[in-house]
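One structure is given here, and the rest of the page talks about it.
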Amino acid sequence: MNYTLMIIILVPAVLSLGYFSRHFREITVVSGAITVFLSLYILLTDMRDSGTFFVDYLSRYLIATISSIYLLSVLFGLGYHHKIGESVNMKLHLSLTDLFVSTMLFSVTINNFGLLWFGIEATTVSSALLLVIEKEPLKIEAAWRYVIIVSAGLTISLVSVVTMYYAFGTLTISRIISSGGALSELTEIAAGAALVGYGTKVGLFPMHAWLPDAHSEAPSEVSAMFSGVLLPVALYALYRVYEATADPRITTLYMVVALITMVFAALILPSQRFYKRMFAYSTMENMAMILIGLLAGGIGVTGAIILMVSHAFGKGGAFYSSGNVLETYGTKAISGISGMRERMPFTSVSLILSSLAVTGAPPFGTFLGEFLILAALYASGYAIPFVLALVSLFIAFASINFHVSRMVFFGRSEKRSEPSILQRSVAIFSAVVPLIIPVIFVMGGVI
Amino acid sequence: MIFSELEGIIGVLMLASTLVVQIRSYIRPMTNTVVTQSILLASIAIIIGIKESSIDLIILAILIIVLRGVLVRYVLNRRLPKARMFVREYSHGVTSVTLASVIVLIASFLVFRYAFYPSVHDPLGAIGLSILFQGLLLISTRRNSFAQFIGYVEEENGIIFLSLAIIPLPLLIEISVLLDVLALVIAGTVLVTDNVEHTRVEELMG
């Protein structure tokens, strides 16, 4: 049994009991800090495991990303929700955030397909109520759609667990993957069911209906966690099933769905009227690109990991900045925002940086990740996917940056009002991290 | 032989219960029907448990009765408005829903026949797959929160039936699934407000 992994999962779960303490805020911050420290230890020591837990390169980066976004989101939330004070809602919110993180860490480390399914479903249960810290009808409606659509979808992925158990006689992930798998019609069913089930949570087309609603109505730090880490965790589950069941037909199926998702997101982005929904569709596009990288293999997998980590911080910055804009302007409509550069100079910078980051502008890590994925597609002879992905990326880049530029540079504003320094700092820090990620990967010898 | 016949009879009764749920308008009888379906599922687990001398399946059956038969029913009924006998969903498409239900039933049998049967060689799982799809149909055709929840519970019943018919999952996994459903029902009922009907919302479009 790997005790470091067990501790990193248990720390947020146990400290969620801070609900019963007056110092619940401080306890949650400490939980985040311990989790980040342990995740860096796991990453830097190149920890591997294939006993109770299954940890490889992908899990290590995911653990570090989940922990970092967790700490940033908690810090941001403390400023963002200051109006709520010490109400039960705030206590419950932080406590559920801890549990939510614990379930995500469990999902990316457990060495069993059945328990992986349980972990992913548990992320839905623990995060559902995070959307409704403010009990507005619209938020409740979005939370409901999230719960019912995602749960209904995830039940289908349970079919993949049953069929894999029948096909392989075990649910141990490391054993199935290392055996190379005895592929059959049943394993193809498993791969298809996982694509529908986990794909719902990833936000793949056409199962994505919950995603823009939940992201736009959730508090901004929760949107950041959803977009930056929850969806990659679901993608991790999908990729594990793919690793166990991959054959050329399944690769083609996954590639087609990922490409349709990218094209759909690119086509819907120009007509977006609300900035949080716009960033939600950008997440769909990025998740699809990461999946394409994982399917392409080779350097594409490295690109997918770089994109995943950079996107998590970049999108965190985008949603934290969106939260600051929402707090100041009181509207989510793009048309309702003008003169931002004068009214909110710091938030303008963080919003522009993060929107450039999530759209893959150089020199952000997302650019490097997307470049490597495209290179892998080209090298593998995927001509049509290469062209479709490139065109979709261009449309998404132009649409998002046009909308953000309109918010920041159009119009004038006399008065100046920014949210708390804590909120601004978290937003700008998160937006800047994707700039240094390529340096970290190059210095770490990954590329 | 007698065990197989019993499994078949109970499976058909479960399937009939899903069709009954599809055409019901009143929520409380709908809840009772799905609870009956869960108890039928527990009976199947007991029968297979006796046939294969598996104590795990007997434990699973007890858990299904306690968690789905008692607790889920309790949680759902508690959230129903005061005049719970008369809570109903006004549906204008009974004929089309019935037709869709029959089409889904035939489609799920065909999917099982051509995708699963060549590998598993046991037709019983077709019932589980049909119940799963009927649950999905219920969720997608109703706008009432309770009806959608019942669809979700049906879906979960279907997948457990499928696993019992093909290959029972390890008890730990089955328990996890059952607890997940219960936790989700509890979390979900917090989201059920007085307005239990879901409609199109301008801000959530596009």
Side-chain angles (χ1 to χ4, degrees), chain A residues 96 112-115 117-119 121-122 124-129 131-132 135 137-149 151-156 158-159 161-163 165-167 169-171 184-189 192 209 212-213 216-217 268 271-274 277 281 332-333, chain B residues 111 114-120 125 128-129 132-133 135-136 138-140 145 148-149 151-152 154-160 162-170 172-177 179-188 190-193 195-196 198-206:
Chain A
L96 285 171
N112 184 294
F113 276 114
L115 293 175
W117 180 89
F118 167 73
E121 183 73 328
T124 311
V125 176
S126 55
S127 62
L129 300 183
L131 272 71
V132 289
K135 287 194 170 172
L138 206 59
K139 294 184 190 307
I140 292 175
E141 176 66 26
W144 177 260
R145 290 185 188 187
Y146 167 55
V147 167
I148 205 72
I149 295 174
S151 304
L154 280 178
T155 306
I156 295 174
L158 204 50
V159 174
V161 177
V162 174
T163 46
Y165 190 49
Y166 187 88
T170 177
L171 288 173
S184 63
E185 278 185 3
L186 271 188
T187 57
E188 286 193 343
I189 293 171
D213 298 347
S216 65
E217 294 309 317
I268 206 163
S271 60
Q272 286 310 298
R273 293 173 293 148
F274 301 99
R277 279 183 90 80
Y281 282 114
K332 285 179 219 149
Chain B
V111 168
Y114 291 104
F116 289 81
Y117 190 75
S119 305
V120 300
L129 198 66
L132 191 152
F133 283 129
L136 273 175
L138 192 68
I139 292 170
S140 54
S145 303
Q148 290 178 343
F149 247 137
Y152 174 65
E154 258 193 359
E155 234 194 310
E156 293 280 350
N157 280 347
I159 189 70
I160 291 186
L162 182 70
S163 96
L164 287 173
I166 294 178
I167 181 169
L169 290 171
L172 178 66
I173 311 293
E174 297 278 19
I175 291 174
S176 309
V177 173
L179 289 176
D180 246 356
V181 174
L182 181 68
L184 200 81
V185 169
I186 292 169
V190 176
L191 303 174
V192 177
T193 54
N195 178 22
V196 292
H198 300 275
T199 51
R200 290 164 74 90
V201 183
E202 168 67 15
E203 286 91 335
L204 301 183
M205 285 167 67

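These values consider heavy atoms only, across backbone and side chains, with no hydrogens, waters or symmetry-generated copies. Proteins come first, then strands; the chains are lettered A, B, ... in the order of their sequence lines, and each starts at number 1.
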Between Leu184(B) and chain A, which part of the residue has a heavy atom less than 4.5 Å away: side chain, backbone, both or neither? both
Glu156(B) side chain vs Tyr152(B) backbone, donor-acceptor pair below 3.5 Å: no
Regarding Ser127(A) and Tyr146(A), is there a side-chain donor-to-acceptor distance under 3.5 Å anywhere? yes
Engaged part of Phe133(B) at the chain A interface, taking heavy atoms whose separation is under 4.5 Å: neither
Under 4.5 Å from any heavy atom of chain B, what part of Ile189(A) do you find: side chain, backbone, both or neither? side chain
Heavy-atom proximity to chain A below 4.5 Å, by part of Val181(B): neither
Chain A heavy atoms under 4.5 Å from Leu169(B): which part of the residue, side chain, backbone, both or neither? both
Show the numbers, then the answer: is there a side chain to side chain contact (heavy atoms under 4.5 Å, CB included) between Trp117(A) and Ile173(B)? CA-CA 9 Å; Trp117(A) 180 89; Ile173(B) 311 293; over 6 Å; no
Measure Ser151(A) against the heavy atoms of chain B and call it side chain, backbone, both or neither at under 4.5 Å. both
Please flag which part of Ile139(B) lies under 4.5 Å from any non-hydrogen atom of chain A: side chain, backbone, both or neither. side chain
Between Thr163(A) and chain B, which part of the residue has a heavy atom less than 4.5 Å away: side chain, backbone, both or neither? side chain
Provide the closest heavy-atom pair for Ala143(A) versus Ala128(A) in the form atom of the first, atom of the second, distance. CB-O, 4.0 Å
Could you check if a side-chain atom of Val162(A) sits within less than 4.5 angstrom of a side-chain atom of Phe116(B), using non-hydrogen atoms only? no
Engaged part of Pro168(B) at the chain A interface, taking heavy atoms whose separation is under 4.5 Å: backbone
For Leu115(A), which atoms come within 4.5 Å of any heavy atom of chain B: side chain, backbone, both, or neither? both
Considering only heavy atoms, which portion of Leu131(A) lies under 4.5 Å from any heavy atom of chain B: side chain, backbone, both, or neither? neither
Is there side-chain contact between Leu136(B) and Ile156(A), with heavy atoms separated by less than 4.5 Å? yes
